Amino acid sequence: MNVVAKARQLAPEFAKRSAEFEQLRRVPADVSQQMAAAGFYRMLIPETLGGLEVSPIEAVEVFEALAIGDSSCAWVSFIGATSGTVLVRIPEPSARKIFATPTTMIAGVFAPNGRAEAVDGGFRVNGRWQWGSGTENADWVLGGCQLIDGGEVLTTKGGAPRSHMMLFPAKDVEFLDTWHVSGLRGTGSTDFQVTDLFVPAAHAVGYQVTSNPERPLYQFPQFTLLALGIAAVALGTARGAIDELVTVATKKVRAGSTASIASRSHAQMEVAQAEATLRAARAFFYEALAKAWDKALAGSPVPVDERRDLRLATTHVVQSAVKVVDAMYTLAGGTSVYESSRLQRQFRDVHVATQHIMVAPSTLETVGRLYLGLETNTAML
């Protein structure tokens with residue numbers, strides 16, 4: 001059974017436990033272990049290290065399928081999978097030690113909120129990071145850091161502060177109880193911190209190994225893979241909302257009426273529009289992804305034009321998913337507001353997904369400049 005089939009098999013089981021995930025404010029260890037055993041966390045790790053190295057198309061199909069059942073499981077899965085790609089940017093002996101078993105999980109935060117002071121053999125790291133999705137179940141935790149040497153911030157050739165992700169053993173990380181939020185509650189996206197932690201240079205991502213392997217998967221920039229995961233979660237959440245509304249609409253009769261919601265013309269129009277909106281956004285997303293993957297298969301880094309289209313497609317997916325979920329939530333009426341309703345959870349989850357910088361409205365400005373032929377900073381593409 002491939003990873004997509006496994007995701008479709010597990011999604012209904014996870015859906016039954018969504019309320020538990022919300023109460024815990026994290027994915028429990030047994031569920032994380034199920035996802036690890038299914039191969040979700042190692043999908044983007046090189047085959048040479050024991051990973052699956054699947055195509056990004058197959059990976060996002062996994063995240064989408066999981067999100068139909070539970071958005072938080074899908075989110076943690078995509079964070080674990082995309083975080084695993086960092087192993088191609090550290091020396092192979094260190095990567096093999098870190099990815100010690102097929103169920104090893106890496107998770108963390110790319111934002112350079114820490115400080116890594118250069119010392120003999122590596123770095124002395126201090127920092128605190130937000131949005132640490134899945135980190136409490138991880139074996140290794142990532143934290144982005146600015147590099148400091150002799151009290152001075154190191155810079156790139158372009159003059160920007162030089163930053164690298166640092167890999168920490170989970171036992172050396174302090175997790176903080178900060179994840180009290182409206183949606184995606186089950187992701188466990190808590191703050192975490194390290195204090196005066198020594199990190200060997202071989203665990204600084206991109207420090208000793210500065211280029212990606214030439215294999216197709218690693219022609220995709222890290223930010224692109226991150227955005228793809230967010231879009232896939234939004235797609236699955238919206239699909240789950242339509243499915244849930246259909247179930248509700250065939251049973252529910254509004255007060256003062258003898259007709260079900262499904263029999264009302266307004267509901268029929270809303271569901272039809274939601275299907276069109278979601279399927280159109282999904283088609284654009286997978287079309288743009290397939291074109292980018294073809295470029296990668298040809299052996300070259302994904303060009304700017306394809307990355308531009310992918311970023312537009314991912315942002316458009318999230319915006320479209322919000323419209324769909326909002327419409328289904330409204331159409332179900334008062335049923336939606338109860339904690340027992342999947343629609344209220346999907347409503348909250350999809351709106352939290354919109355807050356991620358990878359799919360923020362500002363991405364539209366970036367891609368719009370590119371379509372107009374203007375000079376554009378493409379570092380975040």
Side-chain angles (χ1 to χ4, degrees), residues 1-7 32-33 35-63 66 76-110 133-135 137-144 164-170 199-229 232 289-290 292-302 306-307 310:
M1 186 184 298
N2 66 24
V3 284
V4 178
K6 289 177 182 177
S32 184
Q33 288 163 4
M35 294 200 289
F40 303 154
Y41 298 151
R42 65 180 185 273
M43 287 193 294
L44 305 182
I45 289 175
E47 285 183 327
T48 55
L49 296 178
L52 299 180
E53 200 172 330
V54 305
S55 76
I57 297 173
E58 192 171 358
V60 297
E61 287 177 336
V62 167
F63 309 144
L66 288 173
V76 169
S77 179
F78 105 72
I79 290 294
T82 54
S83 296
T85 63
V86 302
L87 294 183
V88 304
R89 301 291 300 280
I90 65 173
E92 186 172 328
S94 295
R96 290 189 179 280
K97 290 180 181 178
I98 288 170
F99 192 63
T101 71
T103 55
T104 297
M105 182 190 183
I106 302 169
V109 178
F110 298 102
S133 304
T135 50
N137 289 320
D139 301 285
W140 290 82
V141 178
L142 285 165
H164 291 265
M165 291 170 284
M166 301 284 164
L167 274 159
F168 320 127
V199 176
H203 290 185
V205 179
Y207 186 71
Q208 294 182 339
V209 179
T210 58
S211 60
N212 289 337
E214 294 182 357
R215 295 190 299 279
L217 175 60
Y218 306 108
Q219 305 307 312
F220 275 71
Q222 196 86 42
F223 288 136
T224 298
L225 292 173
L226 194 60
L228 291 175
L289 180 52
W293 182 234
D294 284 345
K295 296 288 187 181
L297 287 172
S300 61
V302 178
E306 278 68 26
R307 287 188 278 137
L310 266 180

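Just so it is clear, the structure is predicted and the values come from calculations on it, not from any experiment.
Residue Phe110 holds its CZ atom at 4.5 Å from OG of Ser83, rounded to the nearest 0.5 Å. A distance of 8.5 Å separates CG in Leu52 from CD in Glu58, rounded to the nearest 0.5 Å. Between the CD1 atom in Ile98 and the CG atom in Asp139 there is a gap of 11.0 Å [rounded to 0.5 Å]. A distance of 6.0 Å separates OG in Ser77 from CZ in Phe40, rounded to the nearest 0.5 Å. Here Glu306 contributes atom CD and Lys295 contributes atom NZ; the two are 5.0 Å apart, rounded to the nearest 0.5 Å. Rounding to the nearest 0.5 angstrom, the gap separating the NE2 atom in His164 from the CG atom in Leu142 is 13.5 Å.
The backbone N or O of Thr82 lies less than 3.5 Å from a partner atom in the side chain of Gln222, making a donor-acceptor pair. Using a distance-only test at 3.5 Å, with no hydrogens or angles considered, a donor-acceptor pair links the side chain of Arg42 to the main chain of Pro102.
In this structure the side chain of Thr85 never reaches within 4.5 angstrom of the side chain of Leu217, judged on heavy atoms.
The two atoms that bring Tyr218 and Asn212 nearest to each other are O-ND2, 3.2 Å, heavy atoms only. Taking each heavy atom of Leu44 and Ala59 in turn, the nearest pair found is CD2-CB, 4.1 Å. When all heavy atoms of Val3 and Ala38 are compared, the closest pair comes out as CG1-O, 3.6 Å. A pairwise comparison of heavy atoms in Ile79 and Ala107 identifies CG2-CB, 4.1 Å as the closest pair. Considering every non-hydrogen atom in both Arg96 and Thr48, the closest pair reads NH2-O, 2.8 Å. Of all the heavy atoms in Gln219 and Ala296, the pair that sits closest is CB-CB, 3.9 Å.
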Does the pair Met165 and Val86 meet the rule for a side-chain contact (heavy atoms from CB on, under 4.5 Å), with working shown?
CA-CA 9 Å; Met165 291 170 284; Val86 302; 3.9 Å; yes
Kindly indicate, with the supporting measurements, whether the criterion side-chain contact (heavy atoms from CB on, under 4.5 Å) is fulfilled by Val76 and Met105.
CA-CA 10 Å; Val76 169; Met105 182 190 183; 3.8 Å; yes
Audit row: Leu228, Phe78, side-chain contact (heavy atoms from CB on, under 4.5 Å) steps and yes/no
CA-CA 9 Å; Leu228 291 175; Phe78 105 72; over 6 Å; no
Audit row: Ile106, Leu87, side-chain contact (heavy atoms from CB on, under 4.5 Å) steps and yes/no
CA-CA 10 Å; Ile106 302 169; Leu87 294 183; 3.8 Å; yes
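Tyr41 and Ser32 share a donor-acceptor pair across their side chains, judged by distance under 3.5 Å alone.
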Side-chain polar contacts of residues 200-211 - donor-acceptor pairs under 3.5 angstrom, sequence neighbours left out - could you list them?
none

